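Notes for the one structure printed next.
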Amino acid sequence: MGNNQSAVVIGGSHAAVQLVISLRQNGWQGSITVVSDEPYLPYQRPPLSKAYLAGDIAEEQLALRASAAYDKLDVSFLLGVTVLAIDTDNHRLRLDNGEYLGFSKLALCTGARARTLPIAGVDLQGVHYLRNMDDVKGIQQSAVSAKTAVIIGGGYIGLETAASLTKQGIAVTLLEAEPRLLQRVASQPTSDFYQRLHKENGVTIRCNAMASALMGDTRVKAVVCSDGDSIETDMVIIGIGVIPNTELASAAALEVDNGILVNEFAQSSHPDIVAAGDCTSHLNPLLRRTLRLESVPNATEQAKAAAASICGLQKQYAELPWFWSDQYDVKLQIAGMNQGYTDAIIRGDITSHSFSVFYIKDTVIIAADCINRPKDFMLAKKLILHNAQIDPVILADETTELKTLLTEH
Amino acid sequence: MPVINYIEANGTEYSIDIAEGVSLMQGALDNMIDGIVAECGGCCVCCTCHCMIDPAWVEVAGAAGAEEAEMLEMIDSRSETSRLSCQVKVTAAMEGMVVHLPESQY
């Protein structure tokens, strides 16, 4: 780890920030450069669809670290610069400003981008995706004069956006192609709750509804659905998932399969290249399967492993995935991954704004959706890590303190 | 800017200038204080920015909100003066405040 070594990070992300800090903490003495195609120092992404869009926090409050922190770490940034190619033979990057940037070690923190909707009219003014700061600035501009909005996609981004726009007095209609909201990620009780919550707040939700075209001259005026129905609107936000940014890796002949393939040490198939965050498909040793996650804790914890690998150390990334979502006054915290669950146990009153859904697979708790139940969430994480087997009747019984269940395991 | 004194479990002390309105968590992160992890970045959802306000400063720091209090209940290393540092915003009255950090955030 001599002074003449250079570490380069592609992407100005949550993963990138943790990675550069961990590099210094691990004793990296060479140079560190972050190349980001965005013009901003790394910022927090989760509030973009939540508090920032709703106008509750200012742009300055989104900074992941004060710029002085990067000076202390001796980390330099190339902002607004896109990497065109990784030249692995010569250990250098080709940049869109015509220059080359050499590296001894490279970290790919390229993240993901919004999946585009292949229908007519998506290029009209007033049509937005929501992934980065500029997207949200565009949405906020449209929202100033908008009375109505249509959101396409009933996943977490679409729902959070619906809540944030509703808060600004905009009448929101949300279209979901599947029979229920959050179909891909949550059980029926959780879906039902969010359907009810949004209705209570005045959002019109249409399930089994596909947008087939966006209409307007220069600015969007209406969304045409596949059943022929037309919804007039002042703006449209599309939130139908993301695609990992793997093109640079693929072009450099790294192994890619729904994400840049890395092991539990965040190492790619190239010995001098690591990757972390949304862009990776990684082996999770706890769950014993390959995951591609879209979450901040994944980005930061995997980045620590990536930084260790760059420094020649071994730090395994083996964490239980977890997620959260803020909508209105409701905080959802999700522990674990519910794929393959055989039973969903409800703890609390499903008609209230405070209950949990515990996902059971073959008698073991594998995940939990905790709605305004921070204690359940904290405990669920521990129960899942302990592979706890708990009688569903006891789990559903609110008179049993969850904490006592943990001590029995 | 008020000076906040962070003391890690191993005794390491940091005296740090933090602008008013910035959270104790962000102040720690900006100065690479290891004892604060802050997995969620300050949204009161992960419990990895736990700190213990020095007893002399409890009133100045204020009490935890309902949601925060529930999260704190689940932390093994909590004390009577525990707070989530993301929820404590620095004010002028905190000049010289002492904040203790736990051995581990997990």
Side-chain angles (χ1 to χ4, degrees), chain A residues 14 17-18 20-22 24-25 42-47 50-51 57-58 60-73 295-301 304 319 322-326 329 331-335 354 370 372-382 385 401-403 406, chain B residues 1 4 6 8 10 12 14-50 64-78 82-84 86-90 102 104-106:
Chain A
H14 284 265
V17 169
Q18 184 60 55
V20 300
I21 292 169
S22 295
R24 290 298 184 215
Q25 286 174 332
Y43 52 88
Q44 294 188 60
R45 281 174 203 275
K50 308 176 180 97
I57 58 172
E60 306 82 69
Q61 290 171 276
L62 290 179
L64 274 168
R65 295 292 187 282
S67 61
Y70 300 117
D71 296 339
K72 274 185 222 164
L73 290 167
S295 85
V296 169
N298 172 60
T300 51
E301 294 309 304
K304 291 176 187 172
E319 300 283 334
W322 70 274
F323 313 86
W324 82 93
S325 176
D326 293 321
D329 59 343
K331 180 162 282 173
L332 168 69
Q333 290 161 292
I334 302 170
S354 168
C370 305
N372 280 339
R373 290 236 173 182
K375 267 160 86 174
D376 284 9
F377 168 72
M378 295 293 290
L379 211 92
K381 278 171 108 175
K382 292 181 182 175
L385 284 171
E401 270 275 344
L402 272 185
K403 223 171 176 179
L406 188 68
Chain B
M1 284 195 281
I4 306 291
Y6 295 84
E8 291 193 329
N10 64 10
T12 311
Y14 304 85
S15 289
I16 290 172
D17 297 321
I18 304 179
E20 289 176 40
V22 171
S23 70
L24 290 182
M25 176 209 80
Q26 192 65 42
L29 291 183
D30 285 343
N31 291 281
M32 269 61 75
I33 296 180
D34 254 357
I36 295 291
V37 176
E39 277 190 26
C40 78
C43 305
C44 195
V45 285
C46 73
C47 267
T48 59
C49 68
H50 172 214
E67 183 178 57
E68 181 190 344
E70 276 201 48
M71 301 282 289
L72 285 168
E73 259 188 71
M74 306 308 294
I75 298 177
D76 295 333
S77 58
R78 76 184 176 284
S82 285
R83 293 293 309 269
L84 294 180
C86 68
Q87 300 301 304
V88 183
K89 302 286 191 292
V90 171
S104 161
Q105 291 287 352
Y106 297 97

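Since the model is a prediction, treat every value here as computed from it, not as a measurement. Throughout, a chain's letter reflects where its sequence line sits, starting with A, and its residues are numbered from 1.
- Only the side chain of A/Lys382 has a heavy atom closer than 4.5 Å to any heavy atom of chain B.
- Proximity to chain B (any heavy atom under 4.5 Å) is shown, for A/Gln18, by neither the backbone nor the side chain.
- Counting heavy atoms from C-beta on, the side chains of B/Met74 and A/Lys381 never come closer than 4.5 Å.
- Per-residue heavy-atom pair counts under 4.5 Å with chain A were compared for B/Gly41, B/Cys40, B/Cys44, and the maximum is reached by B/Cys40.
- You'll find the side chain of B/Glu39 reaches within 4.5 Å of the side chain of A/Glu301, heavy atoms only.
- To the nearest 0.5 angstrom, B/Glu73 atom CD is 11.0 Å from A/Leu379 atom CG.
- Considering only heavy atoms from C-beta on, B/Val45 comes within 4.5 Å of A/Trp322 through its side chain.
- Nearest heavy-atom pair, B/Cys43 versus A/Lys331, reported as atom, atom and distance to 0.1 Å: O-NZ, 2.8 Å.
- Using a 4.5 Å cut-off between heavy atoms, A/Ala63 touches chain B through its backbone atoms (N, CA, C, O) alone.
- Among A/Lys72, A/Gln61, A/Arg24, the residue making the largest number of heavy-atom pairs under 4.5 Å with chain B is A/Lys72.
- Contact annotation for residues 19-32 of chain B against chain A (heavy-atom separation below 4.5 Å, listed by residue number): B/Gln26, B/Leu29, B/Asp30, B/Asn31, B/Met32.
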### Message
Would B/Cys46 and A/Trp324 count as a side chain to side chain contact (heavy atoms under 4.5 Å, CB included) here? Give the steps.
### Response
CA-CA 9 Å; B/Cys46 73; A/Trp324 82 93; over 6 Å; no
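- In terms of non-hydrogen atom pairs under 4.5 Å with chain B, the most contact-rich of A/Ala68, A/Ala66, A/Pro297 is A/Ala66.
- Between chain B and the residues A/Leu73, A/Val296, A/Asp326, A/Asn372, the largest count of heavy-atom pairs under 4.5 Å involves A/Leu73.
- For A/Tyr70, no part sits under 4.5 Å from any heavy atom of chain B, backbone or side chain.
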